[in-house]
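A quick write-up on the structure given underneath.
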Amino acid sequence: MMQRRLTAALVGLALVLTATALQAQRPAVSGPHAGLSTGHPLTSAAAFEILLQGGNAFDAGVTAMLVGGVVEQDLYGLGGESLVLVYPAAEGKVTSVVAQGWAPKGASIEWYESRGRDLLGEGLDPAVVPGALHGALTVLERWGTMSFEQVSARAIEYAKDGFPLRLLTARAIEANLEFMEAWPDNQRFWLKPDGSLYATGETIKFPTLAATLTKMVEAERASAHLGREQGVAAARDRFYKGDIAEEMVAFLQEHGAPFELSDFAEFYSRVEEPTSTDYRGYTIYKHGFNSQGPVLLQALNILEEFDLQAMGHNSPDYIHTVVEAMKLAYADRDTYYADTDFVDVPAAGLLSTSYAQERAAQIDPAVASVAFHAGDPLPHDPNVNEWPFWVADIADGVAASDADGSFVPSAGGLKDTTHIAVIDEDGNVFDATPSGGWTGGGVILGETGIGLSTRGEQFWLDPDRANQIRPRARPRYTLTPSIVFKDGEPLMAIGTPGGDNQDQTILQSFLNVVEFWDDWYPNLHEAIAWPRVRTQHLHGSFWPHAAGFNRMDLESRISSEVANELRRRGHHVNEVLPFGMSGCATAVLIDPATGNRLAAGDPRRDCYALAY
């Protein structure tokens with residue numbers, strides 16, 4: 001008995017010490033004026049600098065996007081895409097900015113099949129028009145207060161004069177040496193003049209990228225007399241319609257890619273209403289059905305039918321219910337979500353309460369589902385009455401496939417995503433999930449220093465799929481920023497990298513915050529750091545769209561007793577490292593009691609939060 005008590009005491013002490021060490025590493029970050037969190041300390045510092053100079057959340061957010069596109073290129077480059085939600089306090093509403101690049105006019109299923117090509121995520125075959133800079137400058141033009149020259153200053157400095165290379169990027173460069181052999185411009189961009197690797201901590205420079213950004217500043221200066229907005233537009237136009245675009249398109253055509261100058265010149269960021277749902281007094285805003293964002297809304301609608309607090313955080317019942325809800329939502333995602341410029345998506349039906357109740361009734365509290373069945377939202381939708389595309393209808397996914405899903409590895413991959421959350425003193429909210437144009441797979445377009453997005457890998461080469469490649473279509477993207485309101489007022493901006501895992505990370509972090517507030521408050525880092533799970537019960541968004549039906553990853557800080565009970569219910573559980581789940585949630589929250597800004601960055605990667 002004494003031995004058991006001693007063992008229990010030692011285990012308890014170890015848990016306390018672990019928790020204390022974690023708190024010491026991630027102390028509460030809060031301030032009365034503003035807060036922000038991004039995927040890299042230099043990105044956070046640059047955005048913070050802009051706030052201190054009098055910029056608003058949108059100036060700071062765009063600054064973070066530009067600096068991140070220089071210093072975080074294993075996660076996001078300026079030839080990638082940027083998906084943004086904004087809440088300008090003066091307007092009193094959330095707006096979605098969709099800067100996902102589209103496929104060129106010459107792209108079609110027939111084009112790929114006739115050439116024996118696919119959409120594997122490297123090189124020029126899965127390339128789309130870079131949307132990141134268009135989105136960033138659209139936000140700056142419409143809601144910012146500063147010039148492009150001001151917000152790009154740090155990005156240009158780091159590209160021209162250099163910055164310390166971080167470990168994750170150094171690893172990505174080394175892992176892509178074979179890929180770079182086919183693309184000499186990539187070798188010149190990423191390697192030393194003698195062809196050797198930069199070591200972690202060494203200063204790396206990108207002079208060609210600095211030159212491209214400087215050209216955009218020059219275009220702004222030439223139009224500055226017309227006004228701030230016109231100057232920002234001129235900088236954007238030089239990239240998409242001027243000599244920079246001409247150089248990028250000439251490179252693409254030289255290498256047999258089906259791009260024309262008009263694919264760049266006619267590209268635009270869609271500025272549109274977001275989707276949303278209500279959950280126990282909270283309103284959650286997401287991008288529309290061209291994204292995977294509504295999968296979070298569908299899951300919340302289903303989970304509102306259950307008493308999660310009574311189940312207890314990360315209990316077997318809690319995890320089982322959350323995972324089963326996500327399985328149902330993913331089956332609908334893989335069936336119905338696509339570019340709404342080409343597909344009539346039954347959005348109202350998918351987000352209706354009656355449909356959520358119908359789906360919630362399909363969850364067996366004692367048995368994990370191995371099926372992958374989409375529901376039928378059409379009877380719940382007043383606008384769409386037919387669906388001509390493929391519908392998920394797999395009775396036994398485990399029997400159909402024993403492959404792992406096409407996920408970012410649990411410890412983090414060689415290409416992923418980043419996230420930026422900013423709330424300023426006036427209550428403006430900026431939330432963005434930039435990605436693409438990676439070190440891994442993105443081809444540097446000549447002397448522009450722009451690594452081109454391969455987001456076309458999220459299309460299907462299947463005419464029966466809603467999310468098939470089409471000329472000028474945007475792929476159903478995984479990038480999924482989030483803004484949360486409480487009682488009609490902004491509460492939180494939150495997002496994460498992680499590919500298909502993004503909304504699972506956001507869902508669990510959101511539930512941690514709102515369902516278990518007293519257990520983390522006032523240190524928002526704790527709610528982000530709690531152990532997580534993820535289901536692979538879906539078709540991966542990335543080519544070749546592998547599925548991992550009924551597979552669940554579970555961080556090993558969750559007890560083996562819980563893991564074994566989930567196995568007993570039929571889940572295929574894989575226990576990963578204590579902080580081994582892919583993702584790096586970044587969030588900023590307005591404390592309803594004090595008005596202070598609470599900021600947090602995930603300990604699973606080098607995310608960094610600041611407030612003042």
Side-chain angles (χ1 to χ4, degrees), residues 15 19 277-284 295-332 353 355-371 375 482 484 486 491-492 494 501 503-521 523-524 526-538 550-576 578 581 583 585 587:
L15 291 173
T277 198
D278 293 324
Y279 176 86
R280 307 192 200 284
Y282 298 88
T283 302
I284 302 89
V295 80
L296 173 74
L297 308 182
Q298 286 195 247
L300 287 171
N301 287 344
I302 293 169
L303 291 171
E304 197 164 23
E305 300 298 312
F306 300 89
D307 189 345
L308 298 178
Q309 285 188 356
M311 294 177 185
H313 184 259
N314 277 354
S315 68
D317 286 343
Y318 181 94
I319 293 173
H320 174 83
T321 304
V322 169
V323 166
E324 292 300 301
M326 290 301 300
K327 288 179 179 180
L328 295 170
Y330 277 126
D332 286 347
T353 300
Y355 181 65
Q357 292 170 341
E358 182 180 296
R359 294 293 267 166
Q362 297 169 12
I363 294 178
D364 186 330
V367 179
S369 173
V370 297
S482 316
V484 180
K486 172 67 172 174
L491 174 73
M492 181 168 62
I494 184 171
N501 192 41
D503 274 314
Q504 299 191 56
T505 294
I506 297 168
L507 174 64
Q508 291 171 81
S509 299
F510 168 80
L511 293 174
N512 292 349
V513 170
V514 305
E515 295 282 10
F516 303 98
W517 183 283
D518 292 340
D519 295 332
W520 63 264
Y521 180 84
N523 190 348
L524 185 59
E526 293 190 25
I528 300 297
W530 288 348
R532 296 199 286 260
V533 301
R534 75 173 179 196
T535 179
Q536 297 191 39
H537 196 86
L538 51 89
N550 204 37
R551 293 176 180 265
M552 179 199 298
D553 294 329
L554 176 147
E555 288 185 332
S556 59
R557 288 176 293 149
I558 298 172
S559 73
S560 58
E561 290 80 9
V562 170
N564 289 333
E565 171 58 23
L566 292 167
R567 291 186 180 103
R568 191 190 67 78
R569 299 186 192 192
H571 297 279
H572 183 141
V573 178
N574 173 42
E575 295 178 72
V576 302
M581 204 68 72

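- In this structure, CG in L507 is found 8.0 Å from CD in Q504, a value given to the nearest 0.5 Å.
- For P365, there are no side-chain contact (heavy atoms from CB on, under 4.5 Å) partners, not counting sequence neighbours.
- Between M326 and A299, the shortest heavy-atom distance links the atoms SD-CB, 3.5 Å.
- Here the shortest heavy-atom pairing between Y355 and Q298 reads CE2-NE2, 3.8 Å.
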Query raised in the report: Step by step, would you call L296 with F510 a side chain to side chain contact (heavy atoms under 4.5 Å, CB included)?
Result: CA-CA 10 Å; L296 173 74; F510 168 80; 5.8 Å; no
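- Judged as a side chain to side chain donor-acceptor pair (under 3.5 Å), and not counting sequence neighbours, T321 has no contacts.
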Requested in this report: Check the pair H571 / H320 against side chain to side chain contact (heavy atoms under 4.5 Å, CB included), numbers first and verdict last.
Outcome: CA-CA 9 Å; H571 297 279; H320 174 83; 2.8 Å; yes
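- Residues satisfying the salt bridge (Lys or Arg N to Asp or Glu O under 4.0 Å) criterion with E304, sequence neighbours excluded, are absent altogether.
- When the side-chain contact (heavy atoms from CB on, under 4.5 Å) test is applied to P531, the partners found at least two apart in sequence or on another chain are N314, E555, R557, I558.
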Query raised in the report: For I528 and I494, what are the C-alpha separation, side-chain angles and deciding distance, and is it a side chain to side chain contact (heavy atoms under 4.5 Å, CB included)?
Result: CA-CA 10 Å; I528 300 297; I494 184 171; 4.3 Å; yes
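- To the nearest 0.5 angstrom, N512 atom CG is 9.5 Å from D519 atom CG.
- Applying the salt bridge (Lys or Arg N to Asp or Glu O under 4.0 Å) test to residues at least two apart or on different chains, the pairs with a partner in residues 563-572 are D317-R569, E565-R568, E565-R569, R567-E575.
- Counting all heavy atoms, side chain and backbone alike, L303 lies closest to Y279 at C-CE1, 4.3 Å.
- Looking at residues two or more places apart in sequence or on another chain, you find no ring-ring contact (aromatic ring centres under 6.0 Å, His included) involving F306.
- The structure places CG of D278 at 7.0 Å from CD1 of I284, a figure rounded to the nearest 0.5 Å.
- Annotation: salt bridge (Lys or Arg N to Asp or Glu O under 4.0 Å) contacts involving residues 318-327, sequence neighbours excluded, comprise E324-K327.
- Under the 3.5 Å distance criterion, the side-chain polar atoms of D332 are left unmatched by any main-chain donor or acceptor of V295.
- Partner of H313 under the ring pair (Phe, Tyr, Trp, His ring centres under 6.0 Å) criterion, out of W530, W517, W520: W530 alone.
- Residues satisfying the salt bridge (Lys or Arg N to Asp or Glu O under 4.0 Å) criterion with E358, sequence neighbours excluded, are absent altogether.
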Report task. Show your working on side chain to side chain contact (heavy atoms under 4.5 Å, CB included) between T535 and Y330 and close with a plain yes or no. Result -> CA-CA 10 Å; T535 179; Y330 277 126; 4.1 Å; yes
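- Going from atom CD1 of I302 over to atom CG of L328 covers 5.0 Å, rounded to the nearest 0.5 Å.
- In this structure, the side chain to side chain donor-acceptor pair (under 3.5 Å) partners of T505, at least two apart in sequence or on a different chain, are N501.
- Considering only residues two or more places apart in sequence or on other chains, S556 meets the side-chain contact (heavy atoms from CB on, under 4.5 Å) condition with P578.
- When every heavy atom of A585 is checked against every heavy atom of S509, the shortest pair comes out as CB-OG, 4.3 Å.
- Residue Q536 holds its CD atom at 11.0 Å from CE of M552, rounded to the nearest 0.5 Å.
- When all heavy atoms of G570 and N550 are compared, the closest pair comes out as O-ND2, 2.7 Å.
- To the nearest 0.5 Å, atoms CG (D503) and CD (Q508) are separated by 11.0 Å.
- For E305, there are no side chain to side chain donor-acceptor pair (under 3.5 Å) partners, not counting sequence neighbours.
- Remark: R280 pairs with E515 by the side chain to side chain donor-acceptor pair (under 3.5 Å) rule, at least two apart or across chains.
- In plain terms, the two heavy atoms of M581 and D553 that are nearest each other are CE-O, 3.5 Å.
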